[in-house]
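Heads up: the structure comes next, in structure tokens.
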Amino acid sequence: MANRITINADLAAGTINRNIYGHFSEHLGRCIYEGIWVGEDSPIPNTNGIRNDVVAALKNIKIPVLRWPGGCFADEYHWKDGIGPRESRKRMINTHWGGVVENNHFGTHEFLMLCEMLDCEPYISGNVGSGTVQEMSEWVEYMTFDGVSPMAELRKENGREKPWNVKYFGVGNENWGCGGNMRPEYYADEYRRYQTYVRNYGENKIHKIACGPNVDDYRWMDVLMREAHRMMDSISLHYYTIPGEWADKGAATGFSEDEWFMTMKKALWMDELIKRHSTIMDKYDPNKRVGLIVDEWGTWFDVEPGTNPGFLYQQNTIRDALVAGVTLNIFHDHCDRVQMANIAQVINVLQSVILTEGEKMVLTPTYHVFDMYKVHQDATLLTTSIDSQEYAHNDQKIPQVSVSASKDAEGRIHVSLCNLDNQSGTDVEIDLRGLAGAGLKVTGTELTASVKDAHNTFEQPSVVAPTAYQAFSVEGTVVKAKLSPMSVTVLELIAE
Ligand code: AHR
């Protein structure tokens, strides 16, 4: 029996904000140092200290926005340590992540230069936990003020005459935890105070992001919305997919059938989390002015054996690709509320799209999903329904297929399909309604593998790579397709 999908080509359900395809970079492990910044004197090909291979790979997936400098690092980061001549910048301990030396060579100028190279929006996380209101306020002045002021002068002394455009600014990170262990009532007051001094200078309009809840902390969401929704543009949500428990998360490779299933089940939980948080937001903001920004999401496994536990380095398999595909489909579904999402983290940390080792770079299965799905960026979400078969494991069941469809500015329809079952292929029948033409031209790309922990290594970088997809037939406006086990497929449908 086929999974039945109906797509209404003439029924728009919103716009998929390209920022849903955002990324996150923290001073953690080898994300910034080695992953992005190698320094101008490095033998690794670079432009002004930033790796050329990484920039090219991220531009290819049209990275729309990049969050920095943390994470937990953000609430211990004092931005003035990271400006001025690099040789004289402070060397300090990265207390949160591995106790290693942070030489501050990658600071505000370097990050904003990176965003210019990537042609993406910067998203800066400010320090509430251990920083002052003045410090936060001056950072914004330093970056965005085009006039006479102490911070604008300092910026010019450091070689940047004109200010940058900085739109997204987070007022703290995880202030319920590493960002100060605050109660929601206390943070709500702090948020109100700090955000007052996050100023708009000239044409630069800041989109203020309040620290939102951890996973299913609905009380945090309720208190923050009640106390401060008028003073924020968005509120964040953090949720990581962990197959096991916090203390024993499970390995990134060599995992069991059980762990595969739990990973899929827990990834799907994102849908319920967004629904329930949105319902609370609706109470205070029925017109959905305030965005929900899922600025940390992705898989979190045990670190690779032999690596620094504080560096959070993990391999990335076809299982991660499924988590990415399913989660992005969920974000699309909630594009009325979810305005941005940032997978954690872009390079060498948690669910990365890129891994590096010295001068070598490898693109992960997750990278390929972002590449295949980029067609959805800024496209119109189409009203879609699915009658999915079940994927059963022991006594538990989840839907086997996840789907999302959108129409781009040229009228092309893209359908992303995930088969969550790693053992059984499945048939889908897509009925496309409301089309201008009577027929369809269909092409497709598939990402799949023969074993459930298939991954790319520096020695074998293309074990999991997209291939042209042909396992479909078309009858009028109905597409019948065979999805491989554990696969992510993107179809392009053009009416003719
Ligand atoms: O992404 C790793 C860490 O996870 C971040 O620093 C923190 O915000 C979250 O707990």
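Whatever order the structure lists ligands and atoms in, that order sets their numbers, starting from 1. Numbers here simply count residues along the sequence, with the first being 1.
Two residues are said to be in side-chain contact when any heavy atoms from C-beta on lie closer than 4.5 Å; W79 and M136 fail this criterion. Contact check for E259 versus M262: no side-chain heavy atoms found under the 4.5 Å cut-off. The shortest distance between side-chain heavy atoms of N342 and V294 does not fall below 4.5 Å. The side-chain heavy atoms of L66 and Y123, taken from C-beta on, include no pair separated by under 4.5 Å.
Considering backbone and side-chain N/O atoms, H238 never comes within less than 3.5 Å of an N/O atom of ligand 1. At under 3.5 Å, a nitrogen or oxygen of C72, whether backbone or side chain, sits near a nitrogen or oxygen of ligand 1.
Under 4.0 Å from ligand 1, the heavy atoms of F24 that appear belong solely to its side chain. Under 4.0 Å from ligand 1, the heavy atoms of W300 that appear belong solely to its side chain. For N173, every heavy-atom contact with ligand 1 shorter than 4.0 Å involves the side chain, none the backbone. Proximity of H96 to ligand 1, defined as any heavy-atom pair under 4.0 Å, is not found for any part of the residue.
The shortest contact between atom 7 (C) of ligand 1 and any protein heavy atom is with E296 OE1, 3.3 Å. For atom 6 (O) of ligand 1, the nearest non-hydrogen atom of the protein is E26 OE1, 2.7 Å. At the top of the distance list for atom 1 (O) of ligand 1, counting protein heavy atoms only, stands Y240 OH, 2.8 Å.
For ligand 1, the atoms sitting less than 4.0 Å from at least one non-hydrogen atom of Q345 are 1 (O), 2 (C), numbered in the order shown with element in parentheses. Within ligand 1, the atoms closer than 4.0 Å to a non-hydrogen atom of E174 are 7 (C), 8 (O), 9 (C), 10 (O), numbered from 1 in the order shown. Close contacts between ligand 1 and L350 involve ligand atoms 1 (O), 2 (C) [criterion: under 4.0 Å to a heavy atom]. Interface atoms of ligand 1 facing G71, defined by a heavy-atom separation under 4.0 Å, are 5 (C), 6 (O), 8 (O).
For the side-chain hydrogen bond (donor to acceptor under 3.5 Å, both in side chains) with Y367, the lone residue among N456, N316, N60 that qualifies is N60. Of the options H27, K90, R91, R89, a side-chain hydrogen bond (donor to acceptor under 3.5 Å, both in side chains) to E102 is made by H27 and by none of the others.
Within 6.0 Å of the OH atom in Y201, the count of heavy atoms belonging to other residues, nucleotides or ligands exceeds 12.
Not a single salt bridge (charged side-chain N to carboxylate O under 4.0 Å, His left out) links D302 to another residue, sequence neighbours left out. Residues meeting the disulfide (SG to SG under 2.5 Å) test with C120, sequence neighbours left out: none.
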